[in-house]
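To start, the structure under review is shown below, and the notes come after it.
The basis for the numbers below is simple: all heavy atoms, side chains too, and nothing from hydrogens, waters or symmetry mates. Since this is a predicted model, take the numbers as computed values, not measurements.
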Amino acid sequence: MLALISFSSVSLPRFGAIFRVLATATVVFTTSSALSQPAPPETLRPDTMAARVAACTACHGAQGRAGTDGYYPRLAGKPQEYLYHQLLNFRDDRRQYRPMSHLLAGLPDDYLREMARYFSEQHVPYPPPIRADVSSATLEAGRVLALQGDAARGLPACASCHGAALGGLMPAIPGLLGLPRDYIGSQIGSWKTGLRRAAAPDCMADIAQKLTPNDIGALAAWLSSQPVVEPYAPEAAGSLELPAQCGSQAQR
């Protein structure tokens, strides 16, 4: 068998040149008995949203439903302003992950806002949770922190900002369920160490500083073990009185 493989790529608009993607791969197999060739896959057209987000879905999954390794979180259905702020944070080095910073370098705000809107409008089913292999006491500690907090240490409940169902709060606070345990733990840890930052006042950084490693492990275990009950959506803006001022929530 002789295999001839030809590739062509599509250059996105000047702002999206770094999102150059492999658009088509036509594989022609020649054998003595070959009768026909399969139709080549459809080519991504430049300056379309499908082409623009191709680099995102390569890691975050189709429609942004989440990657498979526990570190690429779900994008689908999160508040547009939250997603937009995270794109800005990666681009402007408030969140430290070099591949993301490289992909977003030089992209203008409006371009990123359109990408955020696209993923916020994707609504795909959540997979069933994987119960964390930890003790019942650890899960209970995570539940208490998530739903009640710890007033003695000045720790508000996650639910006080992310909503009673932990589905988020419009316009810019995300839901906490349906996320992998490793991702939750690593992100809280990144806030604690300063690798992840948000617009001042950075309320999550303040909270993370008060959490112990055991707290972080318990929260990640409990949150990742909870099923997502539909309809699962952010609560309306202004429906909660936040326990602290958060810069990203105030920015529009």
Side-chain angles (χ1 to χ4, degrees), residues 55-61 64-79 82-104 116 119 126-135 138-139 141-147 149-150 153 155-159 161-163 166-168 172-199 202-228 246-249:
C56 308
T57 56
C59 294
H60 291 273
R65 65 181 64 220
T68 58
D69 64 357
Y71 284 100
Y72 294 98
R74 181 185 179 98
L75 305 178
K78 291 189 180 297
Y82 170 77
L83 294 172
Y84 172 60
H85 288 152
Q86 300 320 301
L87 291 171
L88 291 179
N89 290 343
F90 279 119
R91 186 195 67 184
D92 300 337
D93 290 326
R94 285 187 292 268
R95 285 188 72 170
Q96 303 298 314
Y97 185 59
R98 298 316 303 169
M100 281 291 297
S101 299
H102 176 71
L103 286 172
L104 299 172
F119 284 113
Y126 283 81
I130 299 175
R131 187 189 185 281
D133 186 16
V134 297
S135 68
T138 296
L139 287 175
R143 185 195 70 80
V144 170
L145 284 171
L147 301 182
D150 186 340
R153 290 191 286 158
L155 281 170
C158 301
C161 293
H162 294 268
L166 300 172
I173 295 179
L176 297 180
L177 303 186
L179 292 169
R181 177 185 175 188
D182 288 341
Y183 177 78
I184 296 171
S186 67
Q187 295 310 300
I188 299 176
S190 292
W191 259 304
K192 190 174 181 68
T193 61
L195 289 176
R196 179 171 179 176
R197 294 175 289 131
D202 191 344
C203 51
M204 269 304 303
D206 294 338
I207 292 170
Q209 291 304 317
K210 299 175 183 178
L211 294 171
T212 68
N214 285 340
D215 292 334
I216 296 172
L219 275 170
W222 187 81
L223 289 169
S224 64
S225 298
Q226 303 311 299
V228 173
C246 293
S248 58
Q249 185 73 352

Could you walk me through whether Ile207 and Trp191 pass the side-chain contact (heavy atoms from CB on, under 4.5 Å) check? CA-CA 9 Å; Ile207 292 170; Trp191 259 304; over 6 Å; no
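- Taken from CZ in Arg95 to CG in Leu195, the straight-line distance is 11.0 Å, to the nearest 0.5 Å.
- Using a distance-only test at 3.5 Å, with no hydrogens or angles considered, a donor-acceptor pair links the side chain of Asp215 to the main chain of Thr212.
- Side chain of Ser101 to backbone of Arg91: no donor-acceptor contact under 3.5 angstrom is found.
- Distance OH/Tyr126 to CG/Leu177: 8.0 Å, rounded to 0.5 Å.
- One distance of note links CG of Leu139 with CG of Leu219; it measures 11.0 Å at 0.5 Å rounding.
- No side-chain donor-acceptor contact under 3.5 Å links Asp92 to the backbone of Arg94.
- Interatomic distance, Ser225 OG to Arg181 CZ, rounded to the nearest 0.5 Å: 7.5 Å.
- Of all the heavy atoms in Pro129 and Ser224, the pair that sits closest is CB-O, 3.5 Å.
- Crowding of Asp69 atom CG: a count of heavy atoms from other residues, nucleotides or ligands under 6.0 Å exceeding 12.
- A pairwise comparison of heavy atoms in Leu83 and Lys78 identifies CD1-O, 3.8 Å as the closest pair.
- Distance check, rounded to the nearest 0.5 Å: CD1 of Ile184 to CG of Leu223 gives 4.5 Å.
- Taking both residues in full, the closest heavy atoms of Pro174 and Ala172 are given as CD-O, 3.9 Å, listed atom of the first, atom of the second, then distance.
- Summarising the geometry of Pro73 relative to His60, their closest heavy-atom pair is O-ND1, 2.9 Å, with the distance given to 0.1 Å.
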CA sep, side-chain torsions, deciding dist, call: Leu104, Leu87, side-chain contact (heavy atoms from CB on, under 4.5 Å): CA-CA 7 Å; Leu104 299 172; Leu87 291 171; 3.8 Å; yes
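- Inter-residue side-chain proximity for Arg153 and Leu145 is flagged as met; some heavy-atom pair is nearer than 4.5 Å.
- Contact between Tyr97 and Tyr72 at its shortest, heavy atoms only, is OH-OH, 3.0 Å.
- Closest of all the heavy-atom pairs between Ile216 and Gly185 is CG2-O, 3.8 Å.
- Between Cys246 and Cys203, the SG-SG separation falls below 2.5 Å.
- Under a 3.5 Å cut-off, the side chain of Arg197 and the backbone N or O of Asp93 do form a donor-acceptor pair.
- Atom NZ of Lys192 is separated from atom CE of Met204 by 11.0 Å, given to the nearest 0.5 angstrom.
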